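To keep things clear, I will list the structure first and then write my remarks on it.
These figures come from a predicted structure and were not determined experimentally. Excluded from the calculations below are hydrogen atoms, water molecules and symmetry mates; all remaining heavy atoms, backbone and side chain alike, are included.
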Amino acid sequence: VQLQASGGGLVQAGGSLRLSCTASGSIFSNSDMGWYRQASGKQRELVAVITSGGGTRYADSVKGRFTISRDNAKHTVALQMNSLKPEDTAVYYCHLNYDQIYWGQGTQVTVSS
């Protein structure tokens, strides 16, 4: 399984970005997908998860601002990020959980104040 993430960039506080992650292989529709992030000098943390059944879970810090979604036909998971804050600055990693954990390469999100 390979995960290819895209959509990061530089945005001003209050702005929006949409991250996308495409997975290879045939296990996508049966897998839980998620986004994690790691800020400089900090541990990697969960941002949002969407289960194979479509259930979602968010970190408290992003609730109401971020939305995770998936398209099983396209093998993609997306993270819509609105009302971005400087503290959202981090490298964002796509994550797939099936028989084991798979990680994408990470995409940088920088929010300027």
Side chain to side chain, T67 and L79, heavy atoms closer than 4.5 Å: no
Backbone of A23 reached by a side-chain donor or acceptor of Q4 within 3.5 Å: no
Pairing residues for F66 by the ring-ring contact (aromatic ring centres under 6.0 Å, His included) criterion, not counting sequence neighbours: none
Residue pairs involving residues 100-113 (criterion salt bridge (Lys or Arg N to Asp or Glu O under 4.0 Å); sequence neighbours excluded): none
Partner set under side chain to side chain contact (heavy atoms under 4.5 Å, CB included) for E45, not counting sequence neighbours: R37
Salt bridge (Lys or Arg N to Asp or Glu O under 4.0 Å) against D60, all qualifying residues, sequence neighbours excluded: K63
Residue list, side chain to side chain contact (heavy atoms under 4.5 Å, CB included) with N30, at least two apart or on another chain: Y98
Hydrophobic cluster identity match, I101 and L46, side-chain contacts under 4.5 Å: yes
Within one Ile-Leu-Val-Met-Phe-Trp-Tyr cluster: V91 and L17, side-chain cutoff 4.5 Å: no
ILVMFWY clustering at 4.5 Å (side-chain atoms), partners of L10: none
Distance, nearest 0.5 Å, that separates OG1 of T76 from CE of M33: 9.0 Å
Rounded distance [0.5 Å steps], OH in Y102 versus SG in C94: 13.0 Å
Side-chain heavy atoms of Q38 within contact of Q43, under 4.5 Å: no
Test side chain to side chain contact (heavy atoms under 4.5 Å, CB included) applied to E87 - qualifying residues, sequence neighbours left out: K85
Pairwise distance CG(L3) to OH(Y93) - rounded to 0.5 angstrom: 13.0 Å
Which residues share a ring-ring contact (aromatic ring centres under 6.0 Å, His included) with F28, sequence neighbours left out: H75
Mutual orientation of the aromatic rings belonging to Y36 and W103 [parallel < 30°, tilted 30-60°, perpendicular > 60°]: perpendicular
Pairs where residues 12-21 contributes a residue and the test side chain to side chain donor-acceptor pair (under 3.5 Å) is met, not counting sequence neighbours: S16-N82, R18-Q80
Nearest-0.5 Å distance that lies between atom CD1 in I68 and atom OH in Y58: 6.5 Å
Which donor-acceptor pairs under 3.5 Å do side chains of residues 49-57 form with protein atoms, sequence neighbours excluded?
unit_1 : atom_1 : unit_2 : atom_2 : d
T51    : OG1    : G53    : N      : 3.3
T51    : OG1    : G54    : N      : 3.3
T51    : OG1    : G55    : N      : 3.0

Using residues 106-113 as the side-chain source, report each donor-acceptor pair under 3.5 Å to any protein atom, sequence neighbours left out, with the distance given to one decimal.
unit_1 : atom_1 : unit_2 : atom_2 : d
T107   : OG1    : G8     : N      : 3.2
Q108   : NE2    : A90    : O      : 3.4
Q108   : NE2    : T110   : OG1    : 3.3

Salt bridge (Lys or Arg N to Asp or Glu O under 4.0 Å) partners of residues 65-74, not counting sequence neighbours, each pair once: R65-D88
